[in-house]
Amino acid sequence: MIAENLQRIRAELPEGVLLVAVSKTKPVEDILEAYRAGQRDFGENKVQEMVGKKDQLPADIRWHMIGHLQTNKVKYIVPFVHLIHSVDSLKLLRTVDKEARKVNKVQDVLLEIHIAKEPSKFGFVFEDLLTLLREGTWRELTHVRICGVMGMATFTDDHEQVRSEFRYLHDCFDRLQQEFFAGASHFREISMGMSGDYPIAVEEGSTIVRIGTLIFGERNYL
Ligand SMILES: *Cc1c(COP(=O)(O)O)cnc(C)c1O
């Protein structure tokens with residue numbers, strides 16, 4: 001089933017859009033099944049769960065941290081994580097820089113931007129992010145590389161609402177690129193789109209989709 005699901009989704013994705021298989025709450029056997037079907041990028045939202053699974057799985061898996069990250073846990077993932085999608089404060093960015101320096105690595109990250117109507121989701125308010133980046137101290141951080149943005153749309157059946165939120169994130173990306181990352185070829189990622197809304201996200205220019213349920217089935221939260 002997992003292999004078929006992957007195949008179906010991959011066939012729909014345009015070239016150049018990365019599929020991150022979101023394996024949170026799912027056992028290592030499921031991840032291995034996806035791995036055997038050629039999948040290498042996996043997303044988790046909890047540090048402990050990611051670390052625990054990583055040790056039981058092939059070393060060439062690229063791990064993506066997609067969930068809210070506490071500064072005191074950064075050190076556990078930086079040695080191996082491929083991309084952190086969920087940087088939502090300067091404090092967190094500084095911590096990632098510090099931990100990456102310790103292991104002699106430049107850590108790729110995305111800036112999470114709040115695009116949904118729901119108040120509970122994490123992420124920078126875009127205007128606050130602009131203010132913060134204009135202050136310029138982030139430029140001193142030599143062990144993080146900001147590769148783009150990430151966002152989660154409102155959980156709703158209103159496709160136009162979702163589309164306008166993704167369009168807004170693309171807009172934020174364009175503005176950041178213009179003002180802070182002009183000519184930086186690594187600043188190119190827009191991580192948006194989940195099981196319920198990824199076709200819209202792709203239409204709006206997503207470069208990374210994060211899909212769980214459509215690959216692994218419904219999650220049981222215990
Ligand atoms: C769980 C999760 C996903 C995947 O959600 P599905 O609806 O199962 O595809 C994507 N992004 C984030 C940040 C998540 O926490």
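Just so it is clear, the model here is predicted, and its values are computed rather than measured. Every number for a ligand or one of its atoms is a count from 1 in the order of the listing.
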Checklist entry - Which residues satisfy the ring pair (Phe, Tyr, Trp, His ring centres under 6.0 Å) test with F124, sequence neighbours excluded? => result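 Once residues adjacent in sequence are excluded, F124 has no partner under the ring pair (Phe, Tyr, Trp, His ring centres under 6.0 Å) criterion.
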
Any salt bridge between [X] and [Y], counting N to O under 4.0 Å?
X: K54; Y: E44; result: no
X: E33; Y: R36; result: no
X: K53; Y: E49; result: yes

Could you list which atoms of ligand 1 come closer than 4.0 Å to a heavy atom of [X]?
X: S195; result: 6 (P), 7 (O), 8 (O), 9 (O)
X: I211; result: 9 (O)
X: M152; result: 13 (C)
X: T213; result: 6 (P), 7 (O), 8 (O), 9 (O)

Checklist entry - Within less than 4.0 angstrom of ligand 1, does R219 place any heavy atom? => result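 For ligand 1, residue contact (heavy atoms, under 4.0 Å) with R219 is present.
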
Checklist entry - Which part of K24 is near ligand 1, with near meaning a heavy atom under 4.0 Å away: side chain, backbone, both or neither? => result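 Contact part for K24 vs ligand 1: side chain (C-beta onward).
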
Checklist entry - Minimum heavy-atom separation for K26 to F216, with atom names? => result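 Of all heavy-atom pairs spanning K26 and F216, the closest is NZ-O, 3.5 Å.
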
Checklist outcome for this item: among protein heavy atoms, the one nearest atom 5 (O) of ligand 1 is M194 CE, 3.4 Å

Item to check | atom 12 (C) of ligand 1 - nearest protein heavy atom and its distance | outcome: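 Going by distance alone, atom 12 (C) of ligand 1 is nearest to I66 CD1, 3.5 Å.
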
Item to check | Cation over ring face, R40 and Y35, 6.0 Å, 45° | outcome: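 Yes, cation above the ring, under 6.0 Å and within 45°.
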
Item to check | Nearest option to atom 11 (N) of ligand 1, as decided by whichever heavy atom of R210, E44, K46, H64 sits closest | outcome: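 Shortest heavy-atom distance from atom 11 (N) of ligand 1: R210.
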
Checklist entry - Taking it one step at a time, do R167 and D171 satisfy salt bridge (charged side-chain N to carboxylate O under 4.0 Å, His left out)? => result CA-CA 6 Å; R167 197 165 285 178; D171 222 64; over 6 Å; no

Item to check | Sub-3.5 Å N/O-N/O distance, G212 and ligand 1 | outcome: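 Yes, there is a polar N/O contact under 3.5 Å.
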
